[in-house]
Amino acid sequence: MPVRNLLSPAARRFLEGLFPGDAAVFTPEETFVFGTDASRRFAAPWAVVRPETLDQVRELLAFAQAERIPVLPRGRGTNTVGDCVPVAGGIVVSSARMNRILEIDGDDFVAVVEPGLATGDLQAVLAGQGLFYAPDPASVKFSSVGGNAATCAGGMRAVKYGVTRDHVLGIEAVLPGGTVIHAGGRTHKNVVGLDLTRLLVGSEGTLGLFTKLILKLLPKPAATATLALAYPSVDAALTAAGDVFKAGVLPVAVELLGKEAMDAVAAIAGVPWPRDAGAALFLRVDGSSEAVAADLRLLAAAADRAGPVWREEAAAPEAEEALWELRRLLNPASFKAAPDKISDDVTVPRGALREAAAGIAAIGDEARVRILLFGHVGDGNLHVNIMHDAADPDERGRAENARERILELCLRLRGTLSGEHGVGLAKLPFLDRQLSTGERELMRRVKAVFDPAGIMNPQKAY
């Protein structure tokens, strides 16, 4: 999507002075990659800056508000809904150089970090100190803590530990105009005033720019174990998932791969399940060694009732990682499964999962499109990748129609349009189907308090 560059010579001089050297770039060749994200949408930024200090961010946002220049916060660009795409032009603010761990306190059980830090890097450092940061999005090895917070990323451990919002205790952020706010703090309980921290987490860069996050840590579990199973069908796998919860065990993760998703992974890697399996279920438990062993026995007994055709247990870290890597390979595998995909992450109540999965399969058959179905079924979150060739108008139309019908199905089942990816650009055309006009207007009024000139990530989210 072309956007005319409206950055004045004076504005460029200001940015060059505030961000010396390669901390500010302007040419199309230098800024190109910052105009897109994992959604594959594109619009050209006017400029890209890489701040390193709070003062730089303050001066930038004071200047941007005075000049009415759009500002787009950016982490690693891993979101799939177009949150980082500068459709209104403006300045992309990359957090890549604000990527330090400022403090780890094993007594307070907090970490203080800058937003550009890769989540996986933080987890690796914490593990060496017997500590644990629970959020675990599939992109954990390369997505940033700030980006995870901006979208309230979920991930595979959310069924037991919750999503990113549940692990951010405090935020330092800069608002348009240069005002610095400190929401929350480092205590694990805080009910003074309105909860601005939880408002900022998941705001998709529309309210302010994060410069520091205070994260809740936990003791690292002494042991973990994984149970992987394959079933004849998705319905059987989802029946097994329900049986697991009825057995009184709360797993760390309950992940589903449908047949098409399994085939996509098999196309790029060796897989251990039978070729004719119709679905796979991955379950993990953690805790003390004794508790993990007992929970694994209960999981196996519960999951066996639905008739698995393959199973594998792993308790050693290397063996567990080999199984979970198969799940993480799904996203890169999906990009090789077809020229294009429509990626959605709908959520339904747990009790509606089987009906939702059956309905999605029926829609795919009727529309004659290949659908990769997978997701975090422990919390009702289904990922639906509609594979197609967008260069073929008929195929693109059938894919778009299938998407619309799937979103309607999930709303009819009392679900949501998005469980963890957010709205960005991708879900905006459908937002009125979940949120009323009054609710969206209230959200815009809240934004206006933080961002009166409307410069923060405009035309996104709500």
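- In this model, a donor atom of one side chain and an acceptor atom of the other lie less than 3.5 Å apart for S343 and N385.
- No more than 12 heavy atoms of other residues, nucleotides or ligands shown are found within 6.0 angstrom of NZ on K212.
- Checking K427, R433, R398 one by one against E404, the salt bridge (Lys or Arg N to Asp or Glu O under 4.0 Å) holds for a single residue, R433.
- Closest heavy-atom contact between Q123 and Y133: NE2-O, 2.9 Å.
- Here the side chains of I360 and L409 are in contact, with some heavy-atom distance below 4.5 Å.
- Using cut-offs of 30° and 60° for the angle between ring planes, the H383 and H421 rings count as tilted.
- Rounding to the nearest 0.5 angstrom, the gap separating the OG atom in S39 from the CG atom in N79 is 6.5 Å.
- Annotation for R186 and V110: closest pair NH2-CG2, 3.2 Å, computed over non-hydrogen atoms.
- Q65 places no side-chain N or O within 3.5 Å of a backbone atom of G178 that could act as its donor or acceptor partner.
- Taking 4.5 Å as the limit, every side-chain heavy atom of E439 sits out of range of all side-chain heavy atoms of L431.
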**Request:** Mind running side chain to side chain donor-acceptor pair (under 3.5 Å) on N148 and T119 for me, showing each step along the way?
**Result:** CA-CA 8 Å; N148 292 167; T119 305; 2.6 Å; yes
**Check against side-chain contact (heavy atoms from CB on, under 4.5 Å), T416 and Q434** = CA-CA 7 Å; T416 71; Q434 181 173 332; 3.7 Å; yes
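- Between P45 and G35 the shortest heavy-atom distance is CD-CA, 3.9 Å.
- Within 6.0 Å of the CZ atom in F32, the count of heavy atoms belonging to other residues, nucleotides or ligands does not exceed 12.
- Using a 4.5 Å heavy-atom threshold, the side chains of R284 and M156 count as separate.
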**Item:** Check against side-chain contact (heavy atoms from CB on, under 4.5 Å), L169 and L215
**Value:** CA-CA 6 Å; L169 298 174; L215 308 175; over 6 Å; no
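- Electrostatic pairing of K460 and E204 does not count as a salt bridge here, judged by no charged N lying under 4.0 Å from a carboxylate O.
- A donor-acceptor pair is defined here as one N or O able to donate and one able to accept, closer than 3.5 Å; no such pair exists between the side chain of R74 and the backbone of S94.
- The shortest distance between side-chain heavy atoms of L373 and V384 falls below 4.5 Å.
- Nearest heavy-atom pair, L425 versus P429, reported as atom, atom and distance to 0.1 Å: O-CD, 3.7 Å.
- The local environment of CZ in R100 is sparse, with at most 12 non-hydrogen atoms from other residues, nucleotides or ligands closer than 6.0 Å.
- In this structure, the side chain of S203 does not engage the main chain of T206 through any donor-acceptor pair within 3.5 Å.
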Which donor-acceptor pairs under 3.5 Å do side chains of residues 55-64 form with protein atoms, sequence neighbours excluded?
residue: Q56; atom: OE1; partner: E52; partner atom: N; Å: 2.7
residue: Q56; atom: OE1; partner: T53; partner atom: N; Å: 3.2
residue: Q56; atom: NE2; partner: L18; partner atom: O; Å: 2.9

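- A distance-only check finds a donor-acceptor pair linking the side chain of D340 to the backbone of A390 [under 3.5 Å].
- Distance alone, capped at 3.5 Å, places no donor-acceptor pair between the R68 side chain and the I455 backbone.
- Counting heavy atoms from C-beta outward, E441 and R445 have side chains that approach closer than 4.5 Å.
- A salt bridge between D37 and R41 is absent, with no side-chain N of the basic residue lying under 4.0 Å from a carboxylate O of the acidic one.
- For E67, there are no side-chain hydrogen bond (donor to acceptor under 3.5 Å, both in side chains) partners at least two apart in sequence or on another chain.
- Residues L207 and D451 have side chains not in contact (no heavy-atom distance under 4.5 Å, counting atoms from C-beta outward).
- Between the side chain of R157 and the main chain of A134, a donor-acceptor pair closer than 3.5 Å is present.
- For the atom pair CG (L213) and CG (L117), the distance works out to 9.5 Å, reported to the nearest 0.5 Å.
- The environment of NZ in K160 is crowded: more than 12 heavy-atom neighbours from other residues, nucleotides or ligands sit within 6.0 Å.
- N381 places a side-chain N or O within 3.5 Å of a backbone atom of V346 that can act as its donor or acceptor partner.
- Residue pairs meeting the side chain to side chain donor-acceptor pair (under 3.5 Å) criterion with at least one member in residues 161-171, sequence neighbours excluded: Y161-D286.
- Looking at T211, its side chain does come within 3.5 Å of a backbone N or O of E172 through a donor-acceptor pair.
- A salt bridge links R328 with E321: at least one charged nitrogen is closer than 4.0 Å to a carboxylate oxygen.
- A donor-acceptor pair under 3.5 Å links the side-chain atoms of E114 to the main chain of N99, judged by distance alone.
- Here the closest non-hydrogen pair linking A158 and V163 is CB-CG1, 4.1 Å.
- Rounded to the nearest 0.5 angstrom, L382 CG and L238 CG are separated by 7.5 Å.
- Between D263 and R370, the closest side-chain pair of non-hydrogen atoms falls below 4.5 Å.
- In this structure, T31 and V25 approach most closely via the heavy-atom pair CG2-O, 3.6 Å.
- When the shell of 6.0 Å around CD of E355 is examined, it contains 12 or fewer heavy atoms from other residues, nucleotides or ligands.
- Taken to the nearest 0.5 Å, the CZ atom of F142 stands 12.0 Å off from the CG atom of D121.
- Distance alone, capped at 3.5 Å, is enough to place a donor-acceptor pair between the E395 side chain and the D389 backbone.
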